[in-house]
Amino acid sequence: MAEFIQNSDTQSSLKESEDCSTSLNEGNAFSASPKKNKSNIRWQIGLETDIGGGKENQDECFVWMQRATAIHERVAVLCVLDGHGKEVGRVAAMAAKSCLFHFLDNNYSELLRADSERDMAAVSSFLVNAHKAAHEQIRRSFQEELEAVGYEVRSSLSFAFPADSSADGAVVREADPLAAYLLKRRPPSSLWSCVHGGSSCTLVAVIGSRVYIGNVGDSSALLCAAHPCLGPGLLTRLVDAADQPGLRDGDRDSKPGGPIPEAPLSTVLVLTAEHSPESPSEFRRLRRLFPRQGDASRPALAMVYDSCNSGGQEKSPCNNVFEQDADGSPVVTNNGSYYKNVRKEWASMVSTPSYARFQDALAFTRSLGDLHLQAYGVTHLPEVSLLDLQPVFETLHRLHQQRQQQLLSGEQPLDEQAFTRAAIESAACSTLCLVLASDGVWDNWLYEDVARFVADPSCLSAVWEHSGGAR
């Protein structure tokens with residue numbers, strides 16, 4: 001959890017690290033105060049991961065930080081990764097974490113320059129290149145780890161599989177090694193099988209009051225406030241890196257470079273892009289770039305509702321997520337079998353077509369790794385957005401001042417305990433909380449309940465008053 005606190009009269013008593021960059025691992029917390037002539041936002045950051053009900057923890061997270069200088073504002077990059085795949089899920093998450101951390105260490109000056117010049121294209125390229133680097137590191141790590149335990153591993157480019165040519169609807173650029181997936185076997189006589197697995201990735205870079213978000217998959221980032229002041233119109237979509245030139249305007253939900261449509265103000269705002277199989281924009285992207293053999297009105301990947309009775313990797317016979325209206329626009333059918341979370345969202349999947357040599361399925365449309373599914377339209381390229389916190393804090397600061405005036409007016413006499421609680425409630429008016437988590441958390445929490453919890457005065461008091469409270 002990261003909290004951003006606007007309070008120009010308060011300085012943190014915790015000293016910032018003198019290192020060029022620092023990191024946080026699970027179970028730690030960090031606090032930093034505003035520097036002179038810099039944004040008057042104070043951070044408190046903590047992170048934690050838990051194995052939950054599984055046998056192996058395939059989640060990873062980290063915070064990378066760069067202290068403020070005379071030229072540049074303080075930087076924090078928060079990341080959550082959620083690996084999947086029985087054999088290689090943890091490998092994917094660990095490989096991506098290591099790669100991203102080194103990428104930030106080696107290239108952060110590019111991000112700082114782009115932000116200081118307000119070069120949004122360069123900021124977007126930085127986050128896109130970070131995802132590309134992590135994706136390729138996952139490919140290399142899969143091969144290294146599998147070979148280390150006795151597998152022979154080869155690229156699909158080494159074979160001539162008819163089921164992986166463009167003739168069957170899978171757009172595989174055979175000359176492009178990035179289109180290749182991996183196969184494994186235990187030599188010398190066993191059959192080749194496909195390597196399945198990958199990781200979601202959510203990267204959030206906070207520089208001063210600006211928040212840059214890039215993500216693939218379903219590890220959502222949620223901004224929370226104690227009072228309704230948040231709406232999607234605060235977000236500016238910078239780029240969809242998977243949006244290829246020539247895409248029809250009708251196949252886009254909104255164009256990069258502009259604000260996302262307005263909605264009523266709320267205490268919560270989802271910052272990450274939706275990559276669910278129920279996303280109409282993802283249906284359009286897949287249909288445009290990876291059309292199905294014999295039916296160009298649908299993508300090669302089957303976008304279906306999961307069924308408790310389907311079993312195995314073969315999901316294409318399940319109910320379709322979309323039907324199409326008269327002009328070809330996708331319409332969600334809501335013909336699901338069971339809910340995947342407490343928000344009553346249907347369990348849905350993308351699945352390789354029935355004619356694919358290997359069957360594979362995934363619960364979202366973008367991912368790091370998942371090399372076989374990338375041959376059919378899953379992509380490791382993120383969508384990138386920008387949120388400026390300054391106008392949000394200005395609104396909250398006005399609420400904070402109003403609340404303080406009410407307390408000082410003495411209209412309602414308060415004892416010491418009540419006054420302390422009222423003061424904390426007043427301070428909550430100038431606080432925002434940013435929560436990044438994997439679906440293991442989000443499947444069990446309503447977004448509004450998360451906001452009520454992290455912005456509750458008792459929670460904020462614990463964060464402010466106790467060492468490690470952000471944890």
Side-chain angles (χ1 to χ4, degrees), residues 1-6 24 26-27 29-30 41 43-53 59-63 76 78-82 200-204 206 211 213 215 217-232 234-235 260 263-276 339-347 363-364 385 387 389 392-393 395-396 399 424-425 427-464 466 468-471:
M1 181 179 73
E3 294 173 271
F4 307 89
I5 304 170
Q6 176 167 316
L24 284 181
E26 297 89 68
F30 168 82
I41 296 175
W43 305 345
Q44 295 204 34
I45 304 174
L47 64 164
E48 187 65 84
T49 183
D50 186 85
I51 193 171
D59 292 0
E60 285 288 348
C61 58
F62 69 84
V63 176
L78 295 78
C79 181
V80 168
L81 300 146
D82 184 3
S200 70
C201 178
T202 295
L203 275 176
V204 176
V206 185
V211 182
I213 309 103
N215 77 288
D218 62 354
S219 294
S220 300
L222 189 72
L223 188 65
C224 305
H227 300 277
C229 60
L230 304 173
L234 294 167
L235 279 172
I260 294 172
L265 294 181
S266 171
T267 58
V268 297
L269 176 61
V270 179
L271 303 182
T272 38
E274 182 194 359
H275 298 148
S276 159
Y339 296 130
K340 65 180 180 181
N341 57 40
V342 295
R343 294 181 300 282
K344 295 186 177 180
E345 297 171 345
W346 296 113
F364 35 89
S385 298
L387 171 69
L389 295 175
V392 183
F393 276 125
T395 299
L396 290 175
L399 293 172
I424 293 173
E425 290 175 350
C429 291
S430 59
T431 300
L432 294 174
C433 299
L434 175 61
V435 184
L436 279 68
S438 65
D439 63 344
V441 172
W442 297 126
D443 284 353
N444 295 285
W445 282 77
L446 296 174
Y447 292 148
E448 293 75 14
D449 288 346
V450 172
R452 279 192 289 269
F453 174 73
V454 297
D456 185 88
S458 62
C459 183
L460 294 177
S461 176
V463 171
W464 293 332
H466 303 288
R471 177 183 173 189

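Computed from heavy atoms alone, side chains included, the values below leave out hydrogens, waters and symmetry copies. Please read all numbers here as calculations on a predicted model, not as lab measurements.
By the side chain to side chain contact (heavy atoms under 4.5 Å, CB included) test, Ala363 is found to be paired with Met349, residues two or more places apart in sequence or in another chain being considered. Evaluation of the side chain to side chain donor-acceptor pair (under 3.5 Å) rule for Thr272 yields no partner, not counting sequence neighbours. Applying the side chain to side chain contact (heavy atoms under 4.5 Å, CB included) criterion to Asp218, with sequence neighbours excluded, gives Ser200, Phe364, Asp439. Every residue two or more places apart in sequence or in another chain that forms a side chain to side chain contact (heavy atoms under 4.5 Å, CB included) with Val441 is listed here: Ala437, Trp445. Residues forming a salt bridge (charged side-chain N to carboxylate O under 4.0 Å, His left out) with Asp443 (at least two apart in sequence, or on another chain): none. The salt bridge (charged side-chain N to carboxylate O under 4.0 Å, His left out) check on Glu345 picks up Arg343, with sequence neighbours excluded. Thr267 is linked by a side chain to side chain contact (heavy atoms under 4.5 Å, CB included) to Pro228, Ala451, counting only residues two or more places apart in sequence or in another chain.
Nearest heavy atoms, Cys61 versus Glu48: SG-O, 4.2 Å. Between Ala221 and Thr202, the shortest heavy-atom distance links the atoms CB-CG2, 4.3 Å. The nearest pair of heavy atoms linking Trp442 to Leu222 is CH2-CB, 3.7 Å. Residue Cys224 comes nearest to Val454 through the heavy atom pair CB-CG2, 3.9 Å, listed as atom of the first residue, atom of the second, then distance.
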Could you walk me through whether Val268 and Val450 pass the side chain to side chain contact (heavy atoms under 4.5 Å, CB included) check?
CA-CA 9 Å; Val268 297; Val450 172; over 6 Å; no
Between Leu389 and Leu223, is the side chain to side chain contact (heavy atoms under 4.5 Å, CB included) condition met? List the steps.
CA-CA 10 Å; Leu389 295 175; Leu223 188 65; 4.1 Å; yes
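To the nearest 0.5 Å, the span separating OG on Ser220 from OH on Tyr447 amounts to 4.0 Å. In this structure, the separation between SG on Cys201 and CG on Leu81 is 5.0 Å, given to the nearest 0.5 Å. Rounding to the nearest 0.5 Å places CG of Leu78 at 5.5 Å from CG of Leu436. Rounding to the nearest 0.5 Å gives a distance of 10.0 Å between SG of Cys433 and CD of Gln44.
Between Asp82 and Ser219, the side chains place no donor N or O within less than 3.5 Å of an acceptor N or O (distance only, hydrogens not considered).
A side-chain contact (heavy atoms from CB on, under 4.5 Å) with Leu234 is found for one member of Val392, Leu265, Leu271 and no other, namely Val392. For the side-chain contact (heavy atoms from CB on, under 4.5 Å) with Ile213, the lone residue among Leu235, Val270, Leu203 that qualifies is Leu235.
Contact check for Thr395 versus His227: no side-chain heavy atoms found under the 4.5 Å cut-off.
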